[in-house]
Undergrad: 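Have a look at this one before I ask anything.
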Amino acid sequence: MKNIHIFCLALACASMAQMATAQEESDAVIEDIVVTAQKREQSLQEVPIAITGIEGDDLIGNGADNLGDLSGIAPNVSIADLFVPNVAQFSIRGIAFGDPDANAESKTGVMVDGVPRTRTMGLLTNAFDVERIEILRGPQGTPFGRNNLAGTVRIVTRRPGEEFGGNFRFALGNYDLRKAHLAIDTGAFAGGTLRARLAGASVDRGGFYTNSFNDNELGRRDSRGIRATLDADFGALDATLILDSEQQDSIGVPLNNFVLEPDGKRLDGDPYTVRHDYDGYGESDSSGVTLLSNYETDYGLFSLVASARELDFATYADYDGRAGFRPPPPLPLHVGFVTAHEQRSAEVYFSDSHSERFDYVLGLYFVEEEHVTDILQAVLIPPFDRLVPATINSQDARSLAFYAQTDIWLTDRLAAVLGGRHTRDEKDFDSTIFFPRRTQEFTRQADWSDSTWRAGFNYFAGEDLMLYANVSTGYKGGGFNSRATLPQNLGPYDPEYVTNYEAGIKGSLLEGRLRINAAAFMIEYEDVAAVVRRPGLTRSGTDSILENLGEAELSGVELEAQLVVSRQLNFSFNAAWLNSEWTEFMADLNNDGIVTDNSFFDLPAAPEWSFFGAMDFRAPLNTSMVHVHLEARYKSRQAMLAQTNAAFARRAAHTLINGYVAWAPQSRRYRVSVYVRNLMDESFRGSAYLGLFPLNTFSAPRTFGVEVQFNLF
């Protein structure tokens, strides 16, 4: 079936290609994307790392709502929605992480307007009014520091325009989809000094699942967001103030009990039908204020990024995935948690490119975080059970870093790249555990420090051809386990480290109509931390905690290509091969006191092969324009958990085909598009969880809708 899908896409692309003319070919070129991946504006083709740039306009019209919809667009990059609503699992080059523990920190850095989102929770709310997204692959330990072990996803939101304008978009689709986006620019005012923009979004979607126990719909999500941006330009000094707020409410947490239904269909014939005592829910509410400022001097550019954010997150679910007591044991596992999180961060850096020999950046970064988490579980038997606290945790964390990086131009074409960063992390953790008939408080403190670095060369063999090679390191700090119900499970676990060896090429051919970027890499991954289960006081009898399990090695090759055949027709193609293996994995996974060699297990979220292909065809139609977009995303079979190769923890190979057809008049006053996602209605396991029973969620079924956009000029 996979080959048929890809063949159909290729056949459609080939037929469109025949419509291009020689004159159009000579005029068409690939538009450049400017990124700030190295703390200064550069062409994507001049950045000596593997990076994919996605323009915000490319997300419009294809039904994309959040970061999860970008999964598979960049080579060796997966973004999945976990079994806990609005908790993301990121995987870049096989380094994956997706733990909903409030204390857990991602191995992929996510930054919005230069500010890190330090929790894995709340990352899959609406991605609206986006200017561009930069996906950096490989450790970014020097420019972005801790917790950028696998790579970095940088989101840049739209800035106010010079003229009054804006747009309004709304969409309707199956599964009760209702979507609305609004953005308005004031234009320049106050003598041209100020500009403002207001943007908001609302997305309501019905659930894909049904709870056969009570016939309720599960998985419904209502998301809202608003962002106000004010730009001020005082000549040498500019400043941007951003206020944002995002909320998402989810009704139902649909978990398929693998013991009852190994393929999700045995009892009811439908993977989207589950049977729970309780529907469950998820709530996420985040807000923040960000200040960005630049001051240009004769010596270079001083920049400031300062922010304060708050996040409230709550979830509750039926984690035995059944109604009643079959299969046994008789006691249910109904668990949830409530978290209140605050963070404050500031970064000051100086960059200079005036010298013919040196381009450099020097910076200082600080972040502090505070959060309180209540872990709740139900006691007694449904429907008489009630929620009681299992643990109450609080953590104060601080991180301070100094960094510097420079390009040293040895010749007009050859540059050496040297960079380093020193980070110090401190965490104070308090936990109150509610033992049977007694309560006990525990206090833990830990600090870690590490120096990460980058060294390499860039060589411009021609105006449109760059070769690079580098070695870079990454670091993720250790931490504590908020889900622990026994003191020995609290931690801390140790930091994780990677060393990445990489060589690549970036080139443009055919007078700018063909772009080919390729990279080969090898990663040494030390002290890998992943989720295991240890004896605890929960109904499952175990605690789900993070531990350092061993060491791994990953290597691969990535290819990105774009071809502009004409002004009407262009293609994109990405391919990735990944080899991943444990080189050391000695652990007692069965809690029987015997340490065994588990290196035969697969690393999670590390498919050996992945492909992406897309075709865009724009054709004039009288006084209007039609845009046809068709794409296919393929990933080979992959594991979803680190501690087992069981069938429930494997995601099958799959191909997703998405597309849209859009029509707009020549005036571009409005745009109408019809889109479909998962055209062939592929169904596969989306996530896995091992608790009282093994559980699964499944991929989203076929969705489609109509979107209309009105533009104000």
Undergrad: For the residue pair W448 and F480, categorise the inter-ring angle as parallel (less than 30°), tilted (30 to 60°) or perpendicular (more than 60°).
TA: tilted
Undergrad: Taking atom CZ of F337 and atom CD of Q377, what is their separation to the nearest 0.5 Å?
TA: 14.5 Å
Undergrad: Carefully, step by step, assess R117 and L123 under the rule side chain to side chain contact (heavy atoms under 4.5 Å, CB included).
TA: CA-CA 8 Å; R117 298 291 179 94; L123 293 179; 3.5 Å; yes
Undergrad: Can a donor-acceptor pair be found, under 3.5 Å and without considering hydrogens, that links the side chain of S106 to the backbone of F90?
TA: no
Undergrad: Would you compute the distance between atom OH of Y175 and atom CZ of R221 and round it to the nearest 0.5 angstrom?
TA: 14.5 Å
Undergrad: If you measure from the Lys or Arg side-chain nitrogens to the Asp or Glu carboxylate oxygens, is any gap between E368 and R398 under 4.0 Å?
TA: no
Undergrad: Taking 4.0 angstrom as the limit, do E105 and K427 come out as a salt bridge?
TA: yes
Undergrad: Does one side chain, of N489 or R534, offer a donor that lies under 3.5 Å from an acceptor on the other?
TA: no
Undergrad: Flag the pair N256 / L695 as yes when at least one side-chain heavy-atom distance between them is below 4.5 Å, and no otherwise.
TA: no
Undergrad: Heavy atoms only: give me the nearest F434-P389 pair and the separation to one decimal.
TA: CD1-O, 3.5 Å
Undergrad: Can you tell me if S540 uses its side chain to pair, donor with acceptor, with the backbone of G691 under 3.5 Å?
TA: no
Undergrad: Donor-acceptor check, side chain of T273 to backbone of D268, threshold 3.5 angstrom: yes or no?
TA: no
Undergrad: Between L260 and L267, is there a side-chain heavy-atom distance shorter than 4.5 Å?
TA: yes
Undergrad: Quick test of your reading of the model: are R220 and D222 salt-bridged, counting only N-O distances below 4.0 Å?
TA: yes
Undergrad: Would R146 and D450 pass as an ion pair if we require N to O under 4.0 Å?
TA: no
Undergrad: Could you verify whether a donor N or O on one side chain and an acceptor N or O on the other, from S449 and R424, lie under 3.5 Å apart?
TA: no
Undergrad: How about R637: does its CZ atom have over 12 heavy atoms from other parts shown lying under 6.0 Å from it?
TA: no
Undergrad: Under 4.5 Å between any side-chain heavy atoms of N645 and D602, yes or no?
TA: yes
Undergrad: Are a donor atom and an acceptor atom from the side chains of T697 and S687 found within less than 3.5 Å of each other?
TA: yes
Undergrad: Report yes or no: does D244 contribute a side-chain atom to a donor-acceptor pair with the main-chain N or O of S287 at less than 3.5 Å?
TA: no
Undergrad: Quick check for you: to the nearest 0.5 Å, what is the distance between Y403 atom OH and T423 atom OG1?
TA: 11.0 Å
Undergrad: Kindly check if the number of other-residue, nucleotide or ligand heavy atoms within 6.0 Å of CZ (R266) is above 12?
TA: yes
Undergrad: Would you mind telling me which of L490, I433, T538 makes a side-chain contact (heavy atoms from CB on, under 4.5 Å) with T391?
TA: I433
Undergrad: Which is it for T120 and D99 under the side chain to side chain contact (heavy atoms under 4.5 Å, CB included) test, yes or no, and what are the steps along the way?
TA: CA-CA 7 Å; T120 60; D99 189 347; 5.9 Å; no
Undergrad: If you measure from CG on L67 to OG1 on T108, what distance do you get to the nearest 0.5 Å?
TA: 11.0 Å
Undergrad: For a quick check under 3.5 Å, do Y525 and K107 share a side-chain donor-acceptor pair by atom type?
TA: yes
Undergrad: Which atoms form the tightest heavy-atom contact between G321 and N257, and what is the distance?
TA: O-CB, 3.1 Å
Undergrad: Between E217 (side chain) and G207 (backbone), is there a donor-acceptor pair under 3.5 Å?
TA: yes
Undergrad: With under 30° as parallel and over 60° as perpendicular, where do the rings of Y316 and H334 fit, or are they tilted in between?
TA: perpendicular
Undergrad: Under 3.5 Å, is there a donor-acceptor pair between the side chain of T210 and the main chain of S212?
TA: no
Undergrad: Will you find, in the side chains of N393 and T373, an N or O donor that is under 3.5 Å from an N or O acceptor?
TA: no
Undergrad: For Y475 and E496, test the side chains for any donor-to-acceptor distance below 3.5 angstrom and give the result as yes or no.
TA: no
Undergrad: Kindly check if the number of other-residue, nucleotide or ligand heavy atoms within 6.0 Å of CD (Q440) is above 12?
TA: yes
Undergrad: Using a distance-only test with no angle check, is there a side-chain donor-acceptor pair under 3.5 angstrom linking T118 and E369?
TA: yes
Undergrad: So, the side chain of D81 versus the backbone of A88: is there a donor-acceptor pair under 3.5 Å, distance only?
TA: no
Undergrad: Of all the heavy-atom pairs spanning F213 and A323, show the shortest one and how long it is.
TA: CD1-CB, 3.5 Å
Undergrad: Could you tell me which non-hydrogen atom of T452 sits nearest to which non-hydrogen atom of T473, and how far apart they are?
TA: CA-OG1, 3.2 Å
Undergrad: Say whether, by atom type as modelled, one donor and one acceptor occur between the side chain of T596 and the main chain of N598 under 3.5 angstrom.
TA: no
Undergrad: Could you check whether any side-chain N or O of R533 sits under 3.5 Å from a backbone N or O of L690, counting only pairs where one atom can act as donor and the other as acceptor?
TA: yes
Undergrad: List the residues meeting side-chain hydrogen bond (donor to acceptor under 3.5 Å, both in side chains) with D312, not counting sequence neighbours, and say none if there are none.
TA: none
Undergrad: Salt bridge check: are R154 and D113 linked by an N-O gap of less than 4.0 Å?
TA: no
Undergrad: Please check if any side-chain donor atom of N216 sits under 3.5 Å from a side-chain acceptor atom of D279, or the reverse.
TA: yes
Undergrad: Taking R483 for the side chain and S544 for the main chain, is one N or O donor matched with an acceptor at less than 3.5 Å?
TA: yes
Undergrad: Identify the residue among N211, D385, D318 that makes a side-chain hydrogen bond (donor to acceptor under 3.5 Å, both in side chains) with Y278.
TA: D385
Undergrad: Tell me whether the NZ or CZ atom of K476 lies within the 45° cone about the ring axis of F97 and under 6.0 Å from its centre.
TA: yes
Undergrad: Give the intermediate values and the outcome of salt bridge (Lys or Arg N to Asp or Glu O under 4.0 Å) for residues R539 and D320.
TA: CA-CA 10 Å; R539 288 283 179 84; D320 52 67; over 6 Å; no
Undergrad: Passes ring-ring contact (aromatic ring centres under 6.0 Å, His included), F258 versus F693? Steps please.
TA: CA-CA 7 Å; F258 183 79; F693 301 100; over 10 Å; no
Undergrad: Side chain to side chain contact (heavy atoms under 4.5 Å, CB included) between S284 and L311: does it pass, once the steps are laid out?
TA: CA-CA 7 Å; S284 175; L311 169 66; 3.9 Å; yes
Undergrad: Would you call L549 and V532 a side-chain contact if the rule is heavy atoms closer than 4.5 Å?
TA: yes
Undergrad: Could you grab the distance from atom OG1 of T290 to atom CZ of R227, nearest 0.5 Å is fine?
TA: 9.5 Å
Undergrad: What I want to check is whether the side chains of S91 and Q89 have a donor and an acceptor closer together than 3.5 Å.
TA: no
Undergrad: On a heavy-atom basis, which atom in Y209 and which in P271 lie closest, and how many Å separate them?
TA: CE2-O, 3.6 Å
Undergrad: When you check the gap from the basic side-chain N to the acidic O, do R224 and D249 get nearer than 4.0 Å?
TA: yes
Undergrad: Between S482 and F429, what is the shortest heavy-atom contact and its length?
TA: CA-CZ, 4.1 Å
Undergrad: Can you tell me how far CD1 of I375 sits from OG of S431, rounded to the nearest 0.5 angstrom?
TA: 9.0 Å
Undergrad: Just by distance, no angles: are the side chains of N103 and H371 close enough, under 3.5 Å, to form a donor-acceptor pair?
TA: yes
